[in-house]
Structures are given as C-alpha cells and as structure tokens.
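Take a look at the structure set out below.
For ligands, and for the atoms within them, numbers begin at 1 and follow the listed sequence. Because the structure is predicted, anything quoted here is derived from the model rather than measured. Starting from 1, each residue takes its place in the sequence as its number.
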Amino acid sequence: MELTPAEALKRQAAERALEYVESGMVLGLGTGSTVAHFLDLLATKLSQGALSDIVGVPTSIWTGREARKAGIELIGLADRAKVDLTVDGADEVSPDLDLIKGMGGALLREKMVAQASHHVVIIADGSKAVERLGTLSPLPVEVVEWASGTHARFLEGLGAEVKTRWSDDVLPLRSDNGNLLLDCRFPEGIDDPAGLDAALQGRAGVVETGFFLGIADVAILASEDGIEVRERHA
Ligand code: 5RP
C-alpha cells in the first residue's frame with residue numbers, strides 16, 4: 001500500500017526505533033498512528049524470527065487490540081516490576097526532550113508505563129519538534145468529570161483557551177479510565193511547563209497532565225531531510 005509522505009515519515013521513525021529492541025524484552029507499547037507503524041514492523045520482525053520472546057505492555061485499549069491483532073504477546077503493567085523499553089509517540093518534542101502527549105487520549109497509562117520503563121524512545125515526524133512547549137499542540141489534561149469546570153476556569157485564569165474533548169456532537173470523550181479530557185491551548189506557548197504541571201498536579205480532581213518532563217531518553221524525528229536522533233544527556 002502506498003503511504004502518504006506524512007505516514008512514510010512516521011514509518012521511518014518507527015523503523016529506526018526497532019534498533020533499540022532486543023529479544024527477550026518487556027516492551028511498553030505506546031498509542032497513536034506512529035506507534036501503529038511500530039507495531040506492524042515489530043510484528044514482522046517477530047514473524048520472521050529476527051526478534052523473539054518479546055512481551056508487550058499496552059498503554060491503551062486501542063494498543064492492546066492492535067497488538068493482539070498483530071500477534072504480539074501482551075501482559076499488564078502490574079505483571080512485571082520493570083519494563084525494559086517503551087516506544088511511544090508525542091504531540092510535541094522540545095529541544096530538551098520534554099514532551100506534550102495525550103492528543104490520542106492515553107496520557108495517564110502512557111505515563112504510568114513510561115515511568116516504569118528503563119528506557120523511553122519517542123518516535124515522531126519532524127513536525128512535532130518545537131522550541132517551546134504549547135506552541136503547536138494544546139496541553140491535554142485528564143480530569144474527573146465531577147465539577148471539571150473548576151479546572152477549566154483555573155486554566156483560563158492562566159491564559160489558556162480550554163475545550164472539553166468531545167467524541168461526537170452529543171457526548172464528551174472519555175479516556176480509557178472513564179475521565180474527561182480538557183484540551184488547553186496557550187496562545188503564546190507555555191512559559192514554565194514544570195510550574196504549570198506542579199500547579200495542576202496539586203489540584204484534587206486533576207488525574208494527570210500531558211506534560212512528560214524528563215521522561216524521554218531518546219527522540220527519533222523523521223523529516224524530509226533525514227532522521228534526527230536526539231538523546232538526553234545526563
Ligand atoms: C496518545 C499520544 C500519542 O502518542 C500522540 O498523540 C501522537 O500520536 P500520533 O503518532 O498519532 O501523532 O500521546 O495519547
């Protein structure tokens with residue numbers, strides 16, 4: 001099947017991430033269209049016998065379904081103390097490898113799996129690279145439904161335009177955990193991601209934010225000019 005140029009770039013990033021995968025690994029499997037390429041390429045390697053004895057930890061119901069269809073063996077996060085490597089996508093990647101994630105709605109489980117991982121590799125097309133977080137993507141924030149408007153007002157007070165994510169014209173979208181998602185757009189980008197994250201995490205009713213700060217070890221960014229591999233330096 002002929003890929004669009006954008007899909008071809010996602011696939012290139014996914015292909016490069018396979019270089020980090022070794023037989024016998026417990027592998028965190030992210031969520032999204034870039035990860036879909038990774039699952040497909042991983043399944044091919046497994047069926048060819050080039051990789052073996054791999055078990056995946058899915059970060060969403062969608063990922064679990066897709067991985068199962070591709071014949072990848074799965075376990076739950078609670079079944080193993082540690083995940084060797086997680087491969088996931090992102091909505092924004094900063095020069096310091098800080099991320100915004102969650103436009104696919106899976107931020108909570110993605111962060112739980114990433115935090116349990118020895119190594120986190122992010123795959124994306126180069127359009128996700130930003131100088132300042134918040135300039136391209138809204139910040140998704142997962143909140144319990146009850147009185148979720150209080151968080152929206154708090155965020156609006158900080159200058160954000162806040163929209164509850166809808167699944168269709170009638171119903172708000174629910175995450176795999178049954179919560180709502182607030183998409184928070186900051187017109188000038190986000191000045192202090194760590195400060196905003198701390199302020200949000202301190203609010204009862206906020207379940208998780210789409211900030212992934214200090215979590216990614218490597219970002220593989222594929223663009224027309226080639227593949228850029230960014231690594232976190234300790
Ligand atoms: C899902 C995510 C995704 O990784 C992110 O939205 C990128 O998705 P895609 O690869 O489809 O652009 O964080 O919650």
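In this structure, the protein non-hydrogen atom closest to atom 2 (C) of ligand 1 is Glu110 OE2, 3.3 Å. Ranking protein heavy atoms by distance to atom 10 (O) of ligand 1, first place goes to Thr34 OG1, 2.5 Å. Given atom 9 (P) of ligand 1, the protein heavy atom at minimum distance is Ser33 OG, 3.3 Å. Shortest contact from atom 5 (C) of ligand 1 to any protein heavy atom: Asp91 OD1, 3.2 Å. The protein heavy-atom contact nearest to atom 8 (O) of ligand 1 is Gly32 CA, 4.1 Å. Looking only at protein heavy atoms, the nearest one to atom 4 (O) of ligand 1 is Thr31 O, 2.9 Å. Shortest contact from atom 12 (O) of ligand 1 to any protein heavy atom: Lys128 NZ, 2.7 Å.
Polar contact check, Val35 against ligand 1: no nitrogen or oxygen pair lies under 3.5 Å apart. Taking only nitrogen or oxygen atoms, main chain and side chain alike, Gly102 reaches within less than 3.5 Å of ligand 1. Taking any N or O of Lys10, backbone or side chain, none lies under 3.5 Å from an N or O belonging to ligand 1.
With hydrogens and angles left out, the side-chain atoms of Thr209 and Asp197 include a donor and acceptor closer than 3.5 Å.
Each of the atoms 4 (O) of ligand 1 lies under 4.0 Å from some heavy atom of Asp88. Listed by atom number, the atoms of ligand 1 under 4.0 Å from Gly89 heavy atoms are 4 (O). If you number the atoms of ligand 1 from 1 as listed, the ones under 4.0 Å from a heavy atom of Gly105 come out as 14 (O).
Salt bridge annotation for Arg153-Glu156: absent, with no cationic side-chain nitrogen under 4.0 angstrom from a carboxylate oxygen. A salt bridge does not link Arg232 to Asp96: none of the charged nitrogens lies less than 4.0 Å from a carboxylate oxygen. A salt bridge does not link Lys163 with Glu161: every distance from a Lys NZ or Arg NE/NH1/NH2 to an Asp or Glu carboxylate oxygen is 4.0 Å or more.
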What verdict does the side chain to side chain donor-acceptor pair (under 3.5 Å) test give for Asn179 and Glu145, after you've listed the backbone C-alpha separation in whole Å, the side-chain angles of each residue and the deciding distance to 0.1 Å? CA-CA 6 Å; Asn179 299 311; Glu145 181 173 21; over 6 Å; no
CA sep, side-chain torsions, deciding dist, call: Ser137, Glu92, side chain to side chain donor-acceptor pair (under 3.5 Å): CA-CA 7 Å; Ser137 171; Glu92 286 189 353; 5.0 Å; no
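Considering every non-hydrogen atom in both Phe212 and Leu107, the closest pair reads CZ-O, 3.7 Å.
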Output side-chain donor-acceptor pairs under 3.5 Å for residues 215-224, partner residues at least two apart or in another chain, one line each.
| residue | atom | partner | partner atom | Å |
| --- | --- | --- | --- | --- |
| Asp217 | OD2 | Val120 | N | 2.7 |
| Ser223 | OG | Gly226 | O | 3.4 |

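Counting heavy atoms from C-beta on, the side chains of Val207 and Val143 never come closer than 4.5 Å.
Here Ala90 has backbone heavy atoms under 4.0 Å from ligand 1, and that is the only part of it that gets that close.
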